[in-house]
Amino acid sequence: MALKFAKRMDNMKASEIRELLALTAKPEIISFAGGLPAPELFPVKEWKEAVNKVLDERGQQALQYGPTEGYEPLRKHIVQRMNKVGVKDAKPDDFLILSGSQQGLDFMAKAFIDPGDQIIVESPTYLGALNAFKAYEPSFLEVELDDNGMKMDQLEDRLKNNDRVKFIYVISDFQNPSGKTWTMDRREKLIELANKYDVAILEDNPYGELRFEGEIQPSLKSLDTEGRVVFMGTFSKVFSPGIRLGWFCAAPEILDKFNKIKQGADLQTSTISQMELAQWLDDNDLEAHIQKIIDVYGKRKNVMVDAMKEYFPEGVTFTNPEGGLFLWVELPDYMNARDLAVKAIEKKVAYVPGGAFFADNVRENCFRCNYSCMDEEKIVEGVKRLAEVIKAEMK
């Protein structure tokens, strides 16, 4: 049989993280590979109560079709989430509920990208975004990160010398994979350059509320002066990824395009999931739940950083995030983290090799570690095992 698939399928590869997770699912593996929230923090009992209440009181509505833009009581709750990241004038009509924020990445590229158009991305950037965008056949322009965010001189150079840039994709808070957070002046400069060169911005903000230290930074959307920032949020990291609920906040002209795309994709996000989450939010304190997550993840991050300081050899560096789920490790230039990952799995510890997070200029001497899903004892033991593997391969 010789089926004739679309050419775009040549650009679509299996997610490296998903492939690796299949290898690390065994309980004896200490996995720093996934971006998994801690399952012991899921509010299972309270969720069950919300589910029963929805089915008992509004079961027929919950099992019916709903509007494409989403369940209005849930969109009213999202107004509060946007207030928290500095968007003070948001209204329910400013949102489109998504079937997880990963759907939003697909919609953004579908709405903006023709084959050969350009997307500017951080270097490194979220590999799930690269995989979603590639289906629409863009080229990528990378901009290096330093400790303050994208390097603005590089960004302006990319914008000035390329005439097919459609949007800039950024994770400005606790970036995946680096854990870095943009400073205020970088945020303001990004808006200035986007206005100057007339391009859109996709602000991916799954982690912004999970801050261990300091104050939550204003979102790019809160600084938006011309309606060109598309904010993408999710309940996956502050509540549960299994309910698959995220949202877009964008200008009406852009939301109109996304609504049409969603009608062609899945008509609407699950009515019952939206109603159950809205009920849970009515009956429970999400801020207290988020604080519980922050307390646990902050402690685990500190344990991982302290263990790396103690056990990693000289010449290996790593970030120390103020929030989020990830930190980034850089090995000496001559080392290859993909090769090292095989040896690490033999020692029953796993991470994600860093090469997958680069759109173009791939670097193989780095890797991402997640600290949210392992307890403190396993984190220390896993770092010790990684240190042994690294030391064995160092010159």
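By convention here, the first residue in the shown sequence is residue 1. Note that this is a predicted model, so its numbers are computed, not measured.
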Review point. Looking at side-chain heavy atoms only, is the closest gap between Glu122 and Val143 below 4.5 Å?
Key: no

Check your understanding: If every non-hydrogen atom of Phe248 is compared with every non-hydrogen atom of Gly104, which pair is closest and at what distance?
Key -> CZ-O, 3.2 Å

**Study point:** Minimum-distance pair of heavy atoms, taken over all atoms of Cys373 and Leu36
**Key:** CB-O, 3.4 Å

Review point. Is it the case that more than 12 heavy atoms not belonging to Lys48 sit under 6.0 Å from its NZ atom?
Key: no

Practice item. Spell out, yes or no, whether Met304 and Val380 are grouped together once hydrophobic residues are joined by side-chain heavy atoms under 4.5 Å, including indirect joins. Key: yes

**Study point:** Residues Arg385 and Glu388 bridged, charged N to O under 4.0 Å
**Key:** no

Check your understanding: Does Arg81 come within less than 4.0 Å of Glu209, counting only side-chain N to carboxylate O?
Key -> yes

Practice item. State whether Arg228 and Asp224 are salt-bridged, where the test is any N-O pair (Lys NZ or Arg NE/NH1/NH2 against Asp/Glu carboxylate O) under 4.0 Å. Key: no

Review point. Salt-bridged, Lys221 to Glu203, with N to O below 4.0 Å?
Key: no

Practice item. Look at the side chain of Arg186 and the backbone N and O of Gly149, then say whether any donor-acceptor pair between them is shorter than 3.5 Å. Key: yes

Study note, to complete from the structure: Closest non-hydrogen atoms of Ile29 and Ala350, given as atom of the first, atom of the second and distance, are CG2-CB, 4.2 Å

**Study point:** Side-chain touch Tyr136/Asp114, heavy atoms, less than 4.5 angstrom
**Key:** no

Exercise for review: Identify the two heavy atoms, one from Pro43 and one from His289, that lie closest to each other, and give their separation to 0.1 Å.
Suggested key: CD-CE1, 3.7 Å

Check your understanding: Do the side chains of Trp182 and Tyr126 join up, straight or via other hydrophobic residues, at under 4.5 Å, putting them in one cluster?
Key -> no

Review point. When clusters are formed by joining ILVMFWY residues with side-chain heavy atoms under 4.5 Å apart, either directly or through shared neighbours, do Val349 and Leu331 land in the same one?
Key: yes

Check your understanding: Thinking salt bridges, do Glu364 and Arg338 make one under a 4.0 Å N-O criterion?
Key -> yes

Review point. Are Tyr169 and Phe133 an aromatic pair by the rule of ring centers under 6.0 Å?
Key: yes

Practice item. Go through the side-chain N and O atoms of Thr271 and Gln274 and say whether any donor and acceptor fall under 3.5 Å apart. Key: no

Check your understanding: Quick check: are there more than 12 heavy atoms from other residues, nucleotides or ligands sitting under 6.0 Å from CD of Glu314?
Key -> no

Practice item. Assign the ring pair Phe235 / Trp247 to parallel, tilted or perpendicular, where the plane angle (0 to 90°) is split at 30° and 60°. Key: tilted

Review point. Do the numbers put Arg300 on top of the ring of Tyr371, so that NZ or CZ is under 6.0 Å from the six-membered ring centre and no more than 45° off the axis?
Key: no

Review point. Quick one: do Glu69 and Lys262 make a salt bridge, cutoff under 4.0 Å?
Key: no

Exercise for review: Over all heavy atoms of both residues, which pair between Leu98 and Met232 is shortest? Give the atoms and the distance, please.
Suggested key: CD1-CG, 4.3 Å

Check your understanding: Do the side chains of Pro321 and Thr181 get nearer than 4.5 Å, heavy atoms only?
Key -> no

Practice item. Only counting residues at least two apart or in another chain, list the ones meeting side-chain hydrogen bond (donor to acceptor under 3.5 Å, both in side chains) with Trp280. Key: none

**Study point:** side chain to side chain contact (heavy atoms under 4.5 Å, CB included) assessment of Val329 paired with Phe318
**Key:** CA-CA 4 Å; Val329 179; Phe318 44 88; 4.1 Å; yes

**Study point:** Donor-acceptor side-chain pairing of Ser99 and Thr269 below 3.5 angstrom
**Key:** yes

Practice item. Decide yes or no for Glu144 and Met150: does some side-chain heavy atom of the first lie under 4.5 Å from some side-chain heavy atom of the second? Key: no

Check your understanding: Going by heavy atoms in the side chains, are Asn302 and Val305 under 4.5 Å from each other?
Key -> no

Check your understanding: According to a 4.5 Å side-chain heavy-atom criterion applied to Ile, Leu, Val, Met, Phe, Trp and Tyr, with indirect links allowed, do Val54 and Ile97 form part of one hydrophobic cluster?
Key -> yes

Check your understanding: Aromatic ring centroids of Tyr297 and Tyr207 under 6.0 Å?
Key -> no

**Study point:** Between Asn361 and Ser123: side-chain donor-acceptor atoms closer than 3.5 Å
**Key:** no

Practice item. Output yes when Asp56 and Lys53 qualify as a salt bridge under the 4.0 Å nitrogen-oxygen rule, no when they do not. Key: no

Check your understanding: Would Asp283 and Gln279 count as having a side-chain donor-acceptor pair, cut-off 3.5 Å?
Key -> yes

Exercise for review: Go through Glu276 and Leu245 one step at a time and tell me if the side chain to side chain contact (heavy atoms under 4.5 Å, CB included) criterion holds.
Suggested key: CA-CA 11 Å; Glu276 289 164 351; Leu245 290 173; over 6 Å; no

Practice item. Give a yes or no on whether a salt bridge exists between Asp93 and Arg75, defined as a side-chain N under 4.0 angstrom from a carboxylate O. Key: yes

Review point. If you measure only the distance, is there a donor-acceptor pair under 3.5 Å linking the side chains of Asn148 and Lys180?
Key: no

Point to revise | Test side chain to side chain contact (heavy atoms under 4.5 Å, CB included) applied to Gln64 and Arg58, step by step | key: CA-CA 10 Å; Gln64 187 56 278; Arg58 287 160 288 154; over 6 Å; no

**Study point:** Partner residues of Asp282 under the salt bridge (Lys or Arg N to Asp or Glu O under 4.0 Å) criterion, sequence neighbours left out
**Key:** none

Point to revise | Side-chain heavy atoms of Leu267 within contact of Thr68, under 4.5 Å | key: no

Practice item. Evaluate the side-chain proximity of Asp157 to Asp153: yes if any heavy-atom separation is below 4.5 Å, no if none is. Key: no

Review point. Is there a salt bridge (charged side-chain N to carboxylate O under 4.0 Å, His left out) between Lys84 and Glu287 once you walk through the steps?
Key: CA-CA 10 Å; Lys84 195 172 177 182; Glu287 297 302 330; 2.6 Å; yes

Exercise for review: Check the surroundings of atom NZ in Lys347: do more than 12 heavy atoms from other residues, nucleotides or ligands lie under 6.0 Å from it?
Suggested key: no

**Study point:** Cluster overlap Tyr334 with Leu386, hydrophobic side-chain contacts below 4.5 Å
**Key:** yes

Exercise for review: Provide the closest heavy-atom pair for Leu210 versus Lys237 in the form atom of the first, atom of the second, distance.
Suggested key: CD1-O, 3.8 Å

Check your understanding: Do you see a donor-acceptor pair shorter than 3.5 Å between the side chains of Gln102 and Asp106?
Key -> no

Check your understanding: Ring centroid separation for Trp328 and Tyr351, is it under 6.0 angstrom?
Key -> no

Check your understanding: Which pairs with one or both residues in residues 244-258 pass salt bridge (Lys or Arg N to Asp or Glu O under 4.0 Å), sequence neighbours excluded?
Key -> Asp256-Lys260

Practice item. For residues Val296 and Lys299, determine if any side-chain heavy atom of one lies less than 4.5 Å from a side-chain heavy atom of the other. Key: no

Practice item. Step through the shown structure and confirm whether more than 12 heavy atoms of other residues, nucleotides or ligands are within 6.0 Å of NZ on Lys378. Key: no

Point to revise | Residue pair Asn162 / Gln118, side-chain donor-acceptor N/O under 3.5 Å | key: yes

